[in-house]
Number of protein chains: 2
Amino acid sequence: MSEEAPNLLLSERIRIALADEITTGQLAPGSALDEQQIGDRFGASRTPVREAIRQLSAVGLVEMRPRRGAVVSGVSTQRIIDMFEMSAEIEAMCVRLATYRMNPVERSRLAQLHEDSEAMVAAGDIDAYDRMNWDFHQTIYEGTHNAFIAEQALALRDRMAAFRRTQLRGGGRPAKSRAEHGELLAAIMRGDGEEAARCMRSHMFHASLALERFTAGRS
Amino acid sequence: MSEEAPNLLLSERIRIALADEITTGQLAPGSALDEQQIGDRFGASRTPVREAIRQLSAVGLVEMRPRRGAVVSGVSTQRIIDMFEMSAEIEAMCVRLATYRMNPVERSRLAQLHEDSEAMVAAGDIDAYDRMNWDFHQTIYEGTHNAFIAEQALALRDRMAAFRRTQLRGGGRPAKSRAEHGELLAAIMRGDGEEAARCMRSHMFHASLALERFTAGRS
DNA sequence: TGCGGTTCTAGTGTATGCAAGAAGTGCGAA
DNA sequence: TTCGCACTTCTTGCATACACTAGAACCGCA
């Protein structure tokens, strides 16, 4: 945290830092973002802070009410569900395209990731599994060979990171998640895109159940 | 242009105006956006202009190069193709969901729009058909009963408006477009979501051919 | 004590000034 | 003539100052 990327624009650094704090939950939904205060925290004036907030609002991470400041987007339960559905559909779309388009190298990379994950599950290393999981999906995005789709899918996944964090903590979830990846991978290797898409929807659905439990006691 | 929405924030007005000029093509891709100059044009200082540009960059309409200013996103041909594919997939996803979820009222609204379009095709009223087309797809978005998906689909469609403008001008396209809508509608009414999705992909593909001809002579 | 209106204030929206960086320009040398 | 380099200028990035508004706090009155 001492001296990171001094070549980046100040406003960019602030934007990234704030986005990070929001997606990791350090900044709870509904928190007000005081420009002056944030500026002080980063040793900057209000101007770059404002620019950062503007961008975050365009991405949907914060909400701006004219003359009343910005607050971290408090998404309703319904909206989270909606976002999750979209996420699942996008992932399904990606895997369908990727099934038809990945080259052998990409296929083997995916298989390798799946292979590696076995040890993580056995060791109960959730953080490592989480990272692998991220790479797994990322590889599928790139497998679509469509840069725009890959970007959008990644952006959506980023945006949902805030809600996804705790989802793997549920009992036995990593093992089940891995099993689902296995089925998915099999469908991909078979070249059955439609089936892969179905597997992915199911995978995302199961993943969302953990989330649902997490958000059960909210408005 | 005289006195529009004076209650809106100045920066918001500028953002909307710029977005409009970009999507309608008045601001060609690659055009540099000079903050001072734009500010003068709107009778504002550079600050609100900067904020507007920041937001546009987050949405992808302009590209910002640090210390080198912003230019209207010049999308390469490949990127347009990528975006079009995503658009087609999203539309297909929407129509699949909508098929399963629309209520009778929504179904009949869709059918009504299709009905009305016959006269427009016959009269050769392309502008009217274009508006109807917009409504048709919009109705499908809403038919997903997923506000987030509807928003995202609309945003993407907006973003592609710049390239889509001339697509209906091709010879006989409106008539063909309407025929495709007809097939699509039939699949929806039958409740066959998968088939509706296929129809939609095909519809979007055919629509893209006109676009391809349009962009043929570009880098 | 409760309510309507008024004042105050904290915090946003905008303008302006200054400094640093990037592109263009002109001169000199090979 | 062409290449390299310093210089100039133009534009952006950030800081600061001022203006304005939404709420809060306050006060007087019923």
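All values below come from the heavy atoms of this structure, side chains included, with hydrogens, waters and symmetry mates left out.
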Measure [atom1]/[X] against [atom2]/[N] and give the value in whole Å, please.
{"X": "L9(A)", "N": "dA15(D)", "atom1": "CG", "atom2": "C1'", "result": "15 Å"}
{"X": "E35(A)", "N": "dT12(C)", "atom1": "CD", "atom2": "P", "result": "4 Å"}
{"X": "F42(A)", "N": "dG13(D)", "atom1": "CZ", "atom2": "C1'", "result": "17 Å"}
{"X": "L33(B)", "N": "dC10(D)", "atom1": "CG", "atom2": "C1'", "result": "16 Å"}
{"X": "L10(B)", "N": "dT16(C)", "atom1": "CG", "atom2": "P", "result": "12 Å"}
{"X": "E12(B)", "N": "dT14(C)", "atom1": "CD", "atom2": "P", "result": "9 Å"}
{"X": "M64(A)", "N": "dG11(C)", "atom1": "CE", "atom2": "C1'", "result": "12 Å"}
{"X": "E51(B)", "N": "dT14(C)", "atom1": "CD", "atom2": "P", "result": "7 Å"}

Worksheet, complete the sentence: B/S/- along nucleotides 17-23 of chain D (protein heavy atoms under 4.0 Å) is B---SSS

Check residues 56-71 of chain B and write down every donor-acceptor pair under 3.5 Å in which the side-chain atom is one partner and the other belongs to a residue at least two apart or another chain.
residue	atom	partner	partner atom	Å
S57(B)	OG	Q55(A)	OE1	2.9
S57(B)	OG	R54(B)	O	3.0
R65(B)	NH2	R68(B)	O	3.1

Item to complete: Would you tell me whether H145(B) and E106(B) have side-chain atoms, one donor and one acceptor, within less than 3.5 Å of each other?
Response: yes

Discussion item. Checking Y141(B) against Q152(B): is there a side-chain donor and acceptor pair closer than 3.5 Å?
Written reply: no

Discussion item. Between R15(B) and E51(B), does any side-chain N to carboxylate O distance fall below 4.0 Å?
Written reply: no

Worksheet item: Do R201(B) and E91(B) meet the salt-bridge criterion of a basic N to acidic O distance under 4.0 Å?
Response: no

Item to complete: Look at T47(B) and dG13(C) and indicate whether a side-chain polar atom (N or O) is within less than 4.0 Å of OP1 or OP2.
Response: no

Practice prompt. Nearest 0.5 Å please: distance from the NZ atom of K176(B) over to the NE2 atom of H203(B).
Written response: 13.0 Å

Worksheet item: Which distance, rounded to the nearest 0.5 Å, do you find between the NE2 of H181(B) and the CD1 of I140(B)?
Response: 7.0 Å

Response to the item:
Taking dA15(C), dT12(D), dT12(C) as options, the one with an atom nearest any side-chain atom of D34(A) is dT12(C)

Worksheet item: Closest to the A44(A) side chain: dA15(D), dG13(D), dG13(C)?
Response: dA15(D)

